[in-house]
Amino acid sequence: MVRKVFPEPAVSAPKILVVLHQEHSTPGRVGRLLRERGYELDIRRPRFGDPLPETMAGHAGAVVFGGPMSCNDDEAWIRREIDWIGVPLREEKPFLGICLGAQMMARHLGGRVSRHPDGHVEIGYWPLRPTQAGAALMAWPSHVYHWHNEGFEHVRGMELMAAGDTFANQAVRCGRNAYGLQFHPEVTHLMLCRWTMCEEAKLAVPGAQDRATQIAGRFQHDHAVARWLDAFLDLWLEPEPLALAAE
């Protein structure tokens, strides 16, 4: 893949708000690609007391990442973060929720987040099927990386862009430029190795691939995921006319 060349960040580079949920989490490949585009990452961890801005006036967009917790947990910081998602949605600033972040957006919009009725999870590389709207928007990879045991409900205001087999709602768009992804395009090889080693017990649950299968899947599918993410971030930050079509 030919890498794009982006200018060095200016003295007053635009900021992207990055919300992480663990002490040592990183924004992975998403963070690297945003930096390459000249953005400064304003990393906040609300779980550990970092405040979230009352307005997005000082940020060009926001990305809320995943985590091992559930947005159904009775934690004050989780409730505050779910409520806060209304800020970028109301101000129509680019918003991207990844896994837990997508589920939080669904909860903010009144949807349910729940486990699979048969106790299945999605861990590893599983198929992704774009809808008609998703295929009209861009090309999608055939398989993406998952690590979750809950899924979110499709509610009014969401447009389904891509679906899956175990958890149906895999990618949604809300309004002009807010997206929720159930999968993890940000995952690097190092992150995959760390997750599969530190959370090895979860690989025995139905729907979880073993570590060797996941690594083999990465070699088979990650090039397409990386290419998709590169194009998606451009579209997310500067929506094309097709992406602005009314529901």
Side-chain angles (χ1 to χ4, degrees), residues 9-28 30-113 150 152-159 171-182 184-186 232-239 243-244 246-247:
V11 175
S12 57
K15 294 181 180 181
I16 297 289
L17 182 69
V18 170
V19 179
L20 300 175
H21 299 113
Q22 297 193 87
E23 187 176 1
H24 301 294
S25 294
T26 76
V30 167
R32 175 179 62 79
L33 291 173
L34 290 172
R35 288 189 182 101
E36 288 180 2
R37 284 160 169 75
Y39 291 94
E40 176 185 343
L41 303 187
D42 179 6
I43 295 178
R44 313 265 185 119
R45 291 177 168 86
R47 182 186 179 193
F48 301 104
D50 291 344
L52 293 172
E54 295 181 1
T55 175
M56 290 292 293
H59 296 84
V63 187
V64 177
F65 285 84
M69 62 287 300
S70 169
C71 66
N72 294 318
D73 292 343
D74 188 21
E75 298 281 350
W77 70 267
I78 291 178
R79 295 193 299 270
R80 287 194 299 268
E81 190 172 324
I82 291 171
D83 290 343
W84 174 83
I85 289 174
V87 174
L89 295 186
R90 284 192 302 270
E91 297 182 11
E92 295 189 338
K93 284 294 184 75
F95 174 84
L96 175 59
I98 295 176
C99 198
L100 177 64
Q103 295 166 3
M104 286 181 161
M105 184 176 75
R107 280 292 303 273
H108 178 82
L109 295 171
R112 293 177 299 172
V113 174
E150 292 184 312
F152 59 88
E153 181 182 26
H154 186 277
V155 296
R156 184 176 181 179
M158 286 183 178
E159 181 180 19
V172 295
R173 184 176 63 185
C174 179
R176 183 173 182 268
N177 49 10
Y179 288 84
L181 307 177
Q182 184 61 82
H184 288 276
E186 84 280 13
F232 171 79
L233 289 177
D234 286 341
L235 179 66
W236 174 62
L237 290 163
E238 297 184 17
L244 306 182
E247 297 301 322

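Here, residue 1 is the first one in the sequence, and each next residue gets the next number.
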What's the shortest heavy-atom distance between [X] and [Y], and which atoms?
X: L34; Y: V63; answer: CD1-CG2, 4.4 Å
X: W236; Y: A62; answer: CZ2-O, 3.4 Å
X: A60; Y: Y39; answer: CB-CE2, 3.8 Å
X: V155; Y: G110; answer: CG1-C, 4.2 Å
X: M105; Y: G180; answer: CE-N, 3.7 Å
X: F152; Y: A106; answer: CB-CB, 3.6 Å

Return yes if some donor-acceptor pair links the side-chain N/O of [X] with the main-chain N/O of [Y] below 3.5 Å, else return no.
X: H21; Y: F65; value: yes
X: R37; Y: L33; value: yes
X: R107; Y: I82; value: no
X: K93; Y: M56; value: yes
X: R45; Y: S25; value: yes

* So, R112 versus N72: side-chain donor-acceptor pair below 3.5 Å or not? -> no

First locate atom [atom1] of [X], then atom [atom2] of [Y], and finally report the distance between them rounded to the nearest 0.5 Å.
X: Q182; Y: E150; atom1: CD; atom2: CD; result: 9.0 Å
X: I85; Y: L109; atom1: CD1; atom2: CG; result: 8.5 Å
X: E40; Y: I16; atom1: CD; atom2: CD1; result: 10.5 Å
X: R173; Y: M158; atom1: CZ; atom2: CE; result: 13.0 Å
X: M69; Y: M104; atom1: CE; atom2: CE; result: 7.5 Å
X: F48; Y: Q22; atom1: CZ; atom2: CD; result: 7.5 Å

* Asked: Quick one: are W84 and P53 in side-chain contact, heavy atoms under 4.5 Å?
  -> yes

* Evaluation steps, side chain to side chain contact (heavy atoms under 4.5 Å, CB included), between D74 and R79 -> CA-CA 8 Å; D74 188 21; R79 295 193 299 270; 2.5 Å; yes

* Structure fact -> Which of V18, V30, T26 passes side-chain contact (heavy atoms from CB on, under 4.5 Å) with L41? It is V18

Residues 95-102 side chain polar contacts: donor-acceptor under 3.5 Å, at least two apart:
none

